Amino acid sequence: KALPELKRIYDQNPDTKLRLKAFQALALIGDGSTLDLFQRNLRDPDKAYRQAAAEGIGRVGDASLVEEVSRTFLNEKDLGAQLAQSFALYRLGRREFIDKLLMGLAERMYYQQPTAYLVEMGVPVVPDLVRNLNHQNAIVRERLCAVLGLIGDSSTIEQLKPLLRDSNSSVASEAALAIRRLGAGS
C-alpha cells in the first residue's frame, strides 16, 4: 500500500527533503517495481540518493545489475555511498565486498552503517564474518563480535571463544557479551 504513495511523493516533490525521505523509504522496502528508480539515482549528484539507490538495488537482489553497481563503485568518492554499494554487491553475489564492509566497521564516523547492513543480512553472512574474527584491526574484531552476538546462533559461540583471550581487552569484553547473548538464546 505504501509504494504508490511513496512514488507519488517522490515524483511530486522535486528537490525537497521530503522527496529524499520518500526515496529512502522506497529503498528500505526494496520492491522490484522501483528498480528503475534506483538505477536512475545510482549516479545522482547527491550522495544520499546514490546511497539509497544502492541499498534499494541490494534489497531487490537483481543480479543483472552487478556490473552497473560495480562500475559505479569504482568511480564513487563518498565512503557512505561506497559502503551502500558494497552492501548491494555482496547481496548480488560479490562476496569479496565483505572486505569493504569490514573496513567500514573501523571508521569512527561510518561504522553504524555497515553494522546495520550486516545485521540486516543476518544468518547468511555469519560464515564470512566468522572467517574474519582474526582480522588485524582490533576495532573490526570488536565490532564483529557485537554483530555476531546479534545474528549468530549457538554454533557461533565456539567461534567466539578464542577472542575471550584477545590481546585487546575491548575485543575480549565484546566477545564475552556476544557469547552471553547467544547462550541466552539457546
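None of these values were measured; they are calculated from a predicted model.
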Salt bridge (charged side-chain N to carboxylate O under 4.0 Å, His left out) evaluation trace for R131 with D128: CA-CA 5 Å; R131 272 193 288 284; D128 286 330; 2.2 Å; yes

Output, in order, the C-alpha distance, side-chain angles, deciding distance and verdict of side-chain contact (heavy atoms from CB on, under 4.5 Å) for D62 and I57. CA-CA 7 Å; D62 185 338; I57 289 169; over 6 Å; no

Decide side-chain contact (heavy atoms from CB on, under 4.5 Å) for L105 and L118; before the verdict, give the C-alpha distance in whole Å, the side-chain angles of both, and the deciding distance to 0.1 Å. CA-CA 10 Å; L105 291 175; L118 296 171; 4.1 Å; yes

Please assess R71 against E67 for the test salt bridge (charged side-chain N to carboxylate O under 4.0 Å, His left out), listing each intermediate value before the final yes or no. CA-CA 6 Å; R71 281 192 302 273; E67 285 186 38; 3.8 Å; yes

Stepwise side-chain contact (heavy atoms from CB on, under 4.5 Å) test for L65 and L42: CA-CA 11 Å; L65 297 175; L42 204 50; over 6 Å; no

Apply side-chain contact (heavy atoms from CB on, under 4.5 Å) to L129 and I151, showing your working. CA-CA 10 Å; L129 300 183; I151 65 173; 3.9 Å; yes

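Under the 4.5 Å side-chain contact rule for hydrophobic residues, V125 and V119 share a cluster. Under a hydrophobic clustering in which Ile, Leu, Val, Met, Phe, Trp and Tyr are joined whenever their side-chain heavy atoms come within less than 4.5 Å, directly or via other members, M109 and L101 fall into the same cluster. The hydrophobic clustering, which links ILVMFWY residues whose side-chain heavy atoms are closer than 4.5 Å, places L35 and V69 together. The hydrophobic clustering, which links ILVMFWY residues whose side-chain heavy atoms are closer than 4.5 Å, places V66 and F38 together. Transitive grouping of hydrophobic side chains (ILVMFWY, heavy atoms separated by less than 4.5 Å) keeps Y117 and Y111 in distinct clusters.
Pairing each heavy atom of A88 with each of A54, the nearest pair is CB-O, 3.2 Å. In plain terms, the two heavy atoms of T34 and D31 that are nearest each other are OG1-O, 2.6 Å. Pairing each heavy atom of A175 with each of L163, the nearest pair is CB-CB, 3.7 Å. Minimum interatomic distance between A106 and V140 (heavy atoms only, all atoms of both residues): CB-CG2, 3.8 Å. Nearest heavy-atom pair across E142 and S170 is OE1-CB, 3.5 Å. In terms of heavy atoms, R143 sits closest to E107 at NH1-O, 4.3 Å.
Side-chain rings of Y90 and F97 stay apart, their centers remaining 6.0 Å or farther from each other.
In this structure, E120 pairs ionically with R59, as a charged nitrogen and a carboxylate oxygen lie closer than 4.0 Å. Note on R43 versus E68: salt bridge recorded, some NZ/NE/NH1/NH2 to OD/OE distance being below 4.0 Å. Checked for salt-bridge contact, R40 and D36 meet the test: a charged N lies under 4.0 Å from a carboxylate O.
Side-chain contact between V130 and L148: present, with at least one pair of heavy atoms (C-beta onward) separated by less than 4.5 Å. With a 4.5 Å cut-off on side-chain heavy atoms, V171 and L144 do not count as touching. Residues E55 and L28 fail the side-chain proximity criterion, which asks for heavy atoms closer than 4.5 Å. Taking the side chain as every heavy atom from C-beta outward, L177 and E174 approach each other to under 4.5 Å. At least one side-chain heavy atom of L160 sits less than 4.5 Å from a side-chain heavy atom of L182. Looking only at side-chain heavy atoms (C-beta outward), L37 and L26 come within less than 4.5 Å of each other. Taking 4.5 Å as the limit, every side-chain heavy atom of L18 sits out of range of all side-chain heavy atoms of Y10.
From I179, atom CD1 reaches atom OG of S154 across 12.5 Å, with rounding to the nearest 0.5 Å. Atom-to-atom distance recorded for M103:CE and L79:CG is 10.0 Å, nearest 0.5 angstrom. Note that CG of N137 and CG of L102 are 10.0 Å apart. Values are rounded to the nearest 0.5 Å. In this structure, C145 SG and Q159 CD are separated by 11.5 Å, a value rounded to the nearest 0.5 Å. A distance of 8.0 Å separates CG of L83 from CD of Q51, quoted to the nearest 0.5 Å. If you take NZ on K161 and CG on L133, they are separated by 14.0 Å, rounding to the nearest 0.5 Å.
Looking only at distances, no side-chain donor or acceptor of N41 sits under 3.5 Å from a matching main-chain atom of D44. Using a distance-only test at 3.5 Å, with no hydrogens or angles considered, a donor-acceptor pair links the side chain of Q113 to the main chain of G80. Within the 3.5 Å criterion, the main-chain N or O of H135 finds no donor-acceptor partner in the side chain of N132. Under a 3.5 Å cut-off, the side chain of T16 and the backbone N or O of R19 do form a donor-acceptor pair.
Of the N and O atoms on the side chains of R94 and S70, at least one donor lies less than 3.5 Å from an acceptor on the other residue. The closest side-chain donor-acceptor pair between Y49 and Q24, if any, does not fall under 3.5 angstrom.
Environment of NZ in K7: crowded, with over 12 heavy atoms of neighbouring residues, nucleotides or ligands closer than 6.0 Å.
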